[in-house]
Number of protein chains: 2
Amino acid sequence: MKDLTTRQQEILTFIEHYEWRNGFWPSIRDIQEQFGFASTNAVMGHLRALEKKEMIERIPGQARTFRINRPDAPEKPEIPEDATEVVDIPVMGDIAAGYPDRVEPAGEIGRLQVDIQSAGFSSRRRSFALQVRGESMVDAEIYDGDMVIIEPRDAYDGDIVAALIDGETTLKRYIQKGGEPPYLKAENKFYPELYPVTELCVQGVAKAVVRSL
Amino acid sequence: MKDLTTRQQEILTFIEHYEWRNGFWPSIRDIQEQFGFASTNAVMGHLRALEKKEMIERIPGQARTFRINRPDAPEKPEIPEDATEVVDIPVMGDIAAGYPDRVEPAGEIGRLQVDIQSAGFSSRRRSFALQVRGESMVDAEIYDGDMVIIEPRDAYDGDIVAALIDGETTLKRYIQKGGEPPYLKAENKFYPELYPVTELCVQGVAKAVVRSL
DNA sequence: TGTTTAGGTGAACAATTGATCATTGTCAAG
DNA sequence: CTTGACAATGATCAATTGTTCACCTAAACA
């Protein structure tokens with residue numbers, strides 16, 4: 001495959017992307033409009049060039065009938081070949097029992113799959129997701145109904161943790177200033193309480209928030 | 001989703017199959033020919049029925065612009081064995097040029113894989129993710145650095161949309177009160193400006209927010 | 001200097017294609 | 001017996017869309 005000029009590459013990219021977003025191919029005037037050409041013939045020239053370089057194929061005279069020659073790419077249902085590691089995360093409605101129980105199906109209300117690079121997860125840990133109830137973390141911009149992805153590990157000062165308090169799992173800020181015993185704190189100025197850190201209290205550290213709009 | 005008649009199912013299957021083989025959608029006359037109809041209007045009737053039953057979507061007046069609503073999505077071979085459907089979403093750093101640019105490696109900064117049930121995504125749409133810059137949506141609890149998952153579709157009143165304003169893609173609230181022309185509004189009391197909705201302005205509707213902690 | 005290649009304007013044309021009108025017939029449900 | 005959904009004909013119209021012709025500028029090249 002020959003080298004493309006900058007403009008040709010832009011056109012090709014737009015065509016691919018248009019199809020990706022809309023599910024069908026652009027018309028020549030769609031492309032013209034995108035690039036602000038005053039004439040459809042500007043597009044035609046580029047398309048002819050792309051055809052000559054065997055980057056695309058078209059059915060002459062027919063509307064929106066492109067084919068893209070991707071020398072490497074599979075036709076379409078591309079599972080990401082770049083093989084980013086994916087973490088499979090169960091969404092727990094309630095983990096009051098002390099730890100997320102994978103056995104009981106009732107506890108799991110869904111699954112999240114999150115790319116590692118995007119969110120910085122480690123696949124070795126058994127992350128899980130929690131649905132937030134209540135307003136105790138609004139000052140950390142975490143709201144009722146959000147899903148929080150928890151990674152079980154020891155907490156450091158400043159982490160947001162899932163903590164078991166009075167048989168209920170809640171989100172709290174973990175605070176530990178030099179030498180002193182750690183405590184937990186709600187991130188809501190109307191919930192000024194502090195909680196001591198007891199055994200098996202901290203379930204894990206919050207790594208991400210997911211909110212459906 | 002309602003039941004389809006035999007004929008409607010045949011039409012739908014043909015459309016799907018045609019796209020699968022050719023890479024683009026059939027014209028109405030392609031369908032007509034396939035079924036040996038003497039009139040294009042026979043096809044039109046079936047398409048209207050399929051649209052009313054929400055099995056397909058079309059862009060009125062535009063050629064070969066189908067969209068198929070697959071509640072079960074037979075298209076992709078499932079990756080996760082426990083069969084929750086997963087949407088593979090490219091994360092775009094910047095789509096200021098008007099569309100996400102796949103060529104520049106800087107354009108795509110990662111991938112998200114999100115379970116459909118968890119977030120209410122439809123697999124038929126081509127979602128993508130955007131990283132939020134700025135504070136224009138803080139009153140909607142969307143903050144600088146958050147990732148917003150965008151689903152390309154028409155907006156309704158109250159939706160949060162990704163909109164192209166002055167060559168930059170920004171998040172805005174879409175407002176349309178009965179009959180009046182729609183406008184866009186930043187969700188920040190310090191950004192009181194309103195924006196008119198111009199052509200090609202709205203890129204899609206925000207479906208979810210993801211924030212790494 | 002002439003020639004090619006890339007990139008573009010502007011106008012006009014013609015094929016493709018979707019939309020619509022009027023009309024016919026079948027069949028099951030109320 | 002009428003109503004409504006389903007299926008289809010036949011003709012026509014109008015919008016979308018691809019194509020082409022003539023012509024222009026600039027850079028690269030031998």
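Chain naming here is simple, since letters A, B, ... match the order of the sequence lines and numbering starts at 1 in each.
- Residue A38(B) is in sugar-phosphate contact alone, with no base atom involved, counting any heavy-atom pair closer than 4.0 Å across all strands shown.
- When the salt bridge (charged side-chain N to carboxylate O under 4.0 Å, His left out) test is applied to D144(B), no partner is found at least two apart in sequence or on another chain.
- Rounded to whole Å, the distance from CD on Q32(A) to C1' on dT17(D) is 11 Å.
- Between K53(B) atom NZ and dA5(D) atom P there is a gap of 11 Å when expressed in whole angstrom units.
- One atom, CG of D30(A), and another, C1' of dT17(D), lie 10 Å apart when rounded to the nearest Å.
- Taking the salt bridge (charged side-chain N to carboxylate O under 4.0 Å, His left out) definition, one finds that R7(B) meets it with E10(B), sequence neighbours left out.
- For the atom pair R64(B) CZ and F24(B) CZ, the distance stands at 6.0 Å (nearest 0.5 Å).
- Contacts of S27(A) classified as side chain to side chain donor-acceptor pair (under 3.5 Å), with partners at least two apart in sequence or in another chain: D30(A).
- With rounding to the nearest 0.5 Å, the separation of CD in Q8(A) from OG1 in T13(A) is 11.5 Å.
- The nearest whole Å value for the distance from the CZ atom in F37(B) to the P atom in dA8(D) is 4 Å.
- Applying the side chain to side chain donor-acceptor pair (under 3.5 Å) test to T40(A) and every residue at least two apart in sequence or in another chain returns nothing.
- Nucleotide dT17(D) holds its P atom 12 Å from the CZ atom of F66(A), rounded to whole Å.
- For D159(A), the side chain to side chain donor-acceptor pair (under 3.5 Å) criterion is met by R153(A), not counting sequence neighbours.
- When DNA chain C is scanned in the 5' to 3' direction for atoms under 4.0 Å from non-hydrogen atoms of chain B, the outermost contacting nucleotides are dT17(C) to dA22(C).
- The separation between L47(B) atom CG and dA8(D) atom C1' is 14 Å, rounded to whole Å.
- For H46(B) and dC6(D), the shortest distance from a side-chain N or O to OP1 or OP2 is not below 4.0 Å.
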Listing time: all N or O pairs from protein to nucleotides 19-26 of chain D that are below 3.5 Å?
unit_1	atom_1	unit_2	atom_2	d
dT19(D)	OP1	G61(A)	N	2.9
dT19(D)	OP2	R58(A)	NH1	3.2
dT19(D)	OP2	R58(A)	NH2	3.0
dT19(D)	O4	T40(A)	OG1	3.2
dC21(D)	N4	N41(A)	ND2	2.8
dA22(D)	N6	N41(A)	ND2	3.4

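- At a threshold of 4.0 angstrom between heavy atoms, the contacts of A42(B) include nucleobase atoms, whether or not backbone atoms are also involved.
- In this entry the distance linking CZ of F35(B) with P of dA8(D) reads 9 Å, nearest Å.
- At whole-Å resolution of the value, CG in L4(B) and C1' in dA5(D) are 14 Å apart.
- A sub-4.0 Å separation between OP1 or OP2 of dT16(D) and a side-chain N or O of R64(B) is absent.
- Annotation: ring pair (Phe, Tyr, Trp, His ring centres under 6.0 Å) contacts of Y143(A) (sequence neighbours excluded): none.
- Considering only residues two or more places apart in sequence or on other chains, E187(A) meets the salt bridge (charged side-chain N to carboxylate O under 4.0 Å, His left out) condition with R173(A), K185(A).
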